Amino acid sequence: MPTIITAAVEGPTDEAVAQRLVSHVGANMGAVFGKQGKPNLRLKLSGYNNAARYDPWFILMDLDRDADCVPSILSSWLPDPAPMICFRVAVREVEAWLMADGESLADFLGISITKIPNRPEVLDEPKTALVNLARSSRRRAIRDDMVPRAGSGRSTGPAYTSRLIEFASRSWRPDVAAQNSDSLARAIKGLYDLLEHSKL
């Protein structure tokens with residue numbers, strides 16, 4: 001019977017990515033907590049860590065501008081990780097993990113693969129980069145959904161999140177993306193390690 005992994009994430013896009021990764025390693029997703037932004041998730045981190053003394057947990061956050069490197073975040077935010085917690089940080093945003101599967105993303109957006117950055121983790125603003133990729137799409141529906149309306153004051157289009165959830169759930173290949181994203185490769189390894197530990 002597949003292992004059930006409980007998760008906590010920042011928002012709905014991260015939930016879709018976490019779901020895909022949990023499925024990728026052969027486990028089943030249990031309840032998903034958080035989904036109210038990073039500050040809320042950080043406040044509850046110690047509680048999730050306590051729960052991970054008994055059951056497997058996957059915590060996913062974006063690095064954003066909080067630090068220059070992931071290890072400093074992991075050690076300062078969760079200095080005493082429980083045996084069954086996999087706490088991973090996307091560099092710098094989970095959008096970079098999605099961009100790391102360039103072939104699938106280019107097909108999904110309707111753009112040339114040559115436009116996809118081949119090192120998405122070095123981008124300062126992966127979300128902005130992804131919106132700009134959508135801006136050049138040959139498909140009007142993609143542009144309408146993902147690119148903000150002129151004068152709206154928004155950074156993304158009205159269905160940006162829905163489109164990313166669709167891509168993450170149906171088209172994204174974590175094993176391919178991990179070849180272009182070190183933080184994603186570490187997350188996948190961490191989930192495999194979590195599965196092994198949960199069977200002890």
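All residue numbers refer to positions in the sequence shown, counting from 1. If you're wondering where the values come from, they're calculated on a predicted model, not measured in any experiment.
- W97 has its side chain within reach of L21: a pair of non-hydrogen atoms, C-beta onward, lies under 4.5 Å apart.
- Residues V17 and V91 do not share a hydrophobic cluster, clusters being chains of Ile/Leu/Val/Met/Phe/Trp/Tyr side chains in contact below 4.5 Å.
- By the 4.5 Å heavy-atom criterion applied to side chains, L78 and I59 are not counted as neighbours.
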Before you tell me yes or no, could you show the steps for N28 and I5 under side-chain contact (heavy atoms from CB on, under 4.5 Å), namely the whole-Å CA-CA distance, both residues' side-chain angles and the distance that decides it to 0.1 Å? CA-CA 6 Å; N28 286 345; I5 297 177; over 6 Å; no
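- Transitive grouping of hydrophobic side chains (ILVMFWY, heavy atoms separated by less than 4.5 Å) brings V94 and V9 into a common cluster.
- Within the 3.5 Å criterion, the main-chain N or O of P148 finds no donor-acceptor partner in the side chain of R154.
- No continuous path of ILVMFWY side-chain contacts below 4.5 Å connects M84 to F33, so the two sit in separate hydrophobic clusters.
- I111 contributes atom CD1, which lies 7.5 Å from atom OG of S137 (distance to the nearest 0.5 angstrom).
- Other residues, nucleotides and ligands place more than 12 heavy atoms under 6.0 Å from the CZ atom of R135.
- Contact of the L41 side chain with the K44 side chain is not registered, since no non-hydrogen atoms from C-beta on lie closer than 4.5 Å.
- Judged purely by atom type and a 3.5 angstrom limit, R163 has no side-chain atom pairing as donor or acceptor with the backbone of L109.
- Residues S104 and R173 bring a donor and an acceptor atom of their side chains to less than 3.5 Å of each other.
- A 4.5 Å side-chain heavy-atom check between Y160 and E95 finds at least one atom pair inside the cut-off.
- For the pair D64 and K38, the salt-bridge criterion is met [side-chain N within less than 4.0 Å of a carboxylate O].
- Nearest heavy atom pair, residue A18 against residue M29, reads C-CE, 3.5 Å.
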Check the pair V89 / L60 against side-chain contact (heavy atoms from CB on, under 4.5 Å), numbers first and verdict last. CA-CA 6 Å; V89 178; L60 176 58; over 6 Å; no
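- For the atom pair CD1 (I142) and CG (L133), the distance works out to 11.5 Å, reported to the nearest 0.5 Å.
- Annotation: R170, atom CZ; neighbour count of heavy atoms from other residues, nucleotides and ligands within 6.0 Å does not exceed 12.
- Note: K189 NZ to C86 SG = 10.0 Å, rounded to the nearest 0.5 Å.
- Contact annotation: the side chain of V22 approaches that of F58 to within less than 4.5 Å [non-hydrogen atoms, C-beta and beyond].
- The side-chain heavy atoms of S169 and R20, taken from C-beta on, include no pair separated by under 4.5 Å.
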Check the pair L130, L164 against side-chain contact (heavy atoms from CB on, under 4.5 Å), reporting the backbone distance first and the verdict last. CA-CA 10 Å; L130 192 46; L164 288 198; 3.6 Å; yes
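- Residues W57 and A51 approach most closely at NE1-CB, 3.5 Å, considering heavy atoms.
- Residues G34 and N40 come closest through the heavy atom pair CA-OD1, 4.2 Å.
- Between atom CZ of residue R88 and atom CE of residue M61 there is a gap of 13.0 Å, rounded to the nearest 0.5 Å.
- For the pair S75 (side chain) and P71 (backbone), a donor-acceptor distance under 3.5 Å is present.
- L194 and W77 fall into different hydrophobic clusters, defined by Ile, Leu, Val, Met, Phe, Trp and Tyr side-chain heavy atoms under 4.5 Å apart, directly or through other members.
- By the 4.5 Å heavy-atom criterion applied to side chains, F87 and Y48 are not counted as neighbours.
- Residues D62 and D14 have side chains in contact (heavy-atom distance under 4.5 Å, counting atoms from C-beta outward).
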Just list the side-chain donor-acceptor pairs under 3.5 Å for residues 114-125, sequence neighbours left out, or say none.
{"residue": "T114", "atom": "OG1", "partner": "S112", "partner atom": "OG", "Å": "2.7"}
{"residue": "E121", "atom": "OE1", "partner": "D182", "partner atom": "N", "Å": "3.2"}
{"residue": "E121", "atom": "OE2", "partner": "S181", "partner atom": "OG", "Å": "2.8"}
{"residue": "E121", "atom": "OE2", "partner": "D182", "partner atom": "N", "Å": "3.4"}
{"residue": "E121", "atom": "OE2", "partner": "S183", "partner atom": "N", "Å": "2.9"}
{"residue": "E121", "atom": "OE2", "partner": "S183", "partner atom": "OG", "Å": "2.4"}
{"residue": "D124", "atom": "OD1", "partner": "R65", "partner atom": "NH2", "Å": "3.0"}

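- In this structure, M99 CE and F167 CZ are separated by 10.5 Å, a value rounded to the nearest 0.5 Å.
- Rounded to the nearest 0.5 Å, atoms CG (L98) and OG1 (T13) are 8.0 Å apart.
- Nearest heavy atoms, M146 versus A134: CB-CB, 3.7 Å.
- Nearest heavy atoms, N49 versus D80: ND2-O, 3.0 Å.
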Check the pair Q36, E10 against side-chain contact (heavy atoms from CB on, under 4.5 Å), reporting the backbone distance first and the verdict last. CA-CA 6 Å; Q36 295 179 352; E10 291 185 34; over 6 Å; no
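- When all heavy atoms of L195 and V25 are compared, the pair lying nearest together is CD1-O, 3.2 Å.
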